Amino acid sequence: MSQALLLEGRPAADAIHRKTAERVKRLRERGIVPKIVFIRVGEDPASIVYVRMKERKAEELGIGSDTVVLSDTAPQEELLSLLKVLGKDPMVHGILIQAPLPSDMDAIQIVRALPPEKDVDGFHPINMGKLLLGDPSGFRPCTPAGIIELLSFYQVDTCGADVVILGRGNIVGKPLAALLMQKGPKANATVTVVHSSSRDIPEHTRRADIVVCALGKPAFLRGDMIKPGAVVVDVGVSRVIDPTNPRGYRLIGDVDVESVSQVAGKLTPNPGGVGPMTIAMLLANTVDAAERLTFNAS
Ligand SMILES: Nc1nc(=O)c2c([nH]1)NC[C@@H]1CN(c3ccc(C(=O)N[C@@H](CCC(=O)O)C(=O)O)cc3)C=[N+]21
């Protein structure tokens, strides 16, 4: 009975954090303190936890941060005028609008109100366009970039690999497909994107060298759906009620760990895999933003 090797996110994230801290130090020696502003709308408990984790890590690295909290009854204009002020503030290099937003807000219009140079999430249409074009002057979305760097850290070669991505969302599936099919190292993959209208999902996943599961469906991917030795990246995360857990809930990924770990060669745990990498890429993007805004100023 074999057990998949776990590709832990923490060591890979720490390697990125160490480089980020060095870059922060160099900026600070020149009198620049890289800074990110987090915007949270409403009191969603998960968003509160995530923003706090990002603030704490930023502080550890010497990156300045502010968090602005708006009421979920605030008019969208309030958020738009806040973005306008932050967009012009030369002390602010990165702006993150924590998702999800209240359903009555127009997320597409809101991202467009960000200057693309401060869009460290990489969600602005300019950055999405640059991503598709392979123009490195944009920002890579944090979770897809984190997956690329996680695979690279553990020397999983994507060149020529058959990668099957489950999920076609704008945050993970679609941008990850664009990154992986790019020409170049840490890319060069043959990419298939599978979604709810795909005819035979197991047929696709069974021939993949690498399966990326980003559906948000707990324990969706089972061992009988993958090729022996495959690399499995578990991205989706769901909360299930668990009275035995002090938090009252437990996090569960898209992968059925019990069966998949019997068949897969390597597996990213969840939590403890892609999540920490997402934060590492966010803060690396923030330092990129500070460097670009400082050294490429026209
Ligand atoms: N504008 C925006 N940008 C985001 O990047 C963004 C967002 N909105 N909205 C929500 C999602 C979620 N997200 C996570 C980041 C880190 C972990 C993470 O580090 N998780 C830990 C566990 C955390 C726990 O125990 O709850 C882990 O996987 O080990 C998880 C989730 C960023 N998001």
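Start at 1 and go down the list; that is how both ligands and their atoms are numbered. All values reported here derive from a predicted model rather than from experimental measurement.
A donor-acceptor pair under 3.5 Å is formed between the side chain of Asn127 and the backbone N or O of Pro116. For the pair Arg292 (side chain) and Ser137 (backbone), a donor-acceptor distance under 3.5 Å is present. Here the side chain of Asn188 pairs no donor or acceptor atom with the backbone of Gly160 at under 3.5 angstrom. Lys130 places no side-chain N or O within donor-acceptor distance of the main-chain N or O of Asp135, the cut-off being under 3.5 Å.
Looking at atom 8 (N) of ligand 1, its nearest protein heavy atom turns out to be Ala99 N, 2.9 Å. Among all protein heavy atoms, the one lying closest to atom 25 (O) of ligand 1 is Arg247 NH2, 3.0 Å. Nearest protein neighbour of atom 24 (C) of ligand 1, counting heavy atoms only, is Leu251 CD1, 3.5 Å. Among protein heavy atoms, the minimum distance from atom 17 (C) of ligand 1 is reached at Gly275 CA, 3.6 Å. At the top of the distance list for atom 32 (C) of ligand 1, counting protein heavy atoms only, stands Lys54 NZ, 3.7 Å. Here the protein heavy atom with the shortest distance to atom 28 (O) of ligand 1 is Gly272 N, 3.3 Å. With respect to atom 2 (C) of ligand 1, the closest heavy atom belonging to the protein is Asp121 OD2, 3.5 Å. Closest to atom 22 (C) of ligand 1, if we only count protein heavy atoms, is Pro271 CB, 3.9 Å.
Proximity of Ile279 to ligand 1, defined as any heavy-atom pair under 4.0 Å, is confined to the side chain (atoms from C-beta onward).
With values rounded to the nearest 0.5 angstrom, Ile95 atom CD1 is found 10.5 Å from Lys35 atom NZ. For the atom pair Ile126 CD1 and Leu114 CG, the distance stands at 12.0 Å (nearest 0.5 Å). Note: Ile279 CD1 to Tyr50 OH = 9.0 Å, rounded to the nearest 0.5 Å.
The shortest separation from a heavy atom of Leu96 to ligand 1 is under 4.0 Å, placing the residue in contact. Distances from ligand 1 to the non-hydrogen atoms of Pro276 include at least one value under 4.0 Å.
For the pair Glu8 and Tyr154, the tightest heavy-atom approach, listed with the atom from each and the gap, is O-OH, 2.6 Å. Minimum interatomic distance between Asp72 and Pro102 (heavy atoms only, all atoms of both residues): CB-CG, 4.0 Å.
For atom 31 (C) of ligand 1, the nearest non-hydrogen atom from the set Tyr249, Tyr50, Phe123 comes from Tyr50. Closest to atom 10 (C) of ligand 1 by heavy atom, among Arg40, Gln98, Met281, Arg250, is Gln98.
Those atoms of ligand 1 with a heavy atom of Ile97 less than 4.0 angstrom away are 1 (N), 2 (C).
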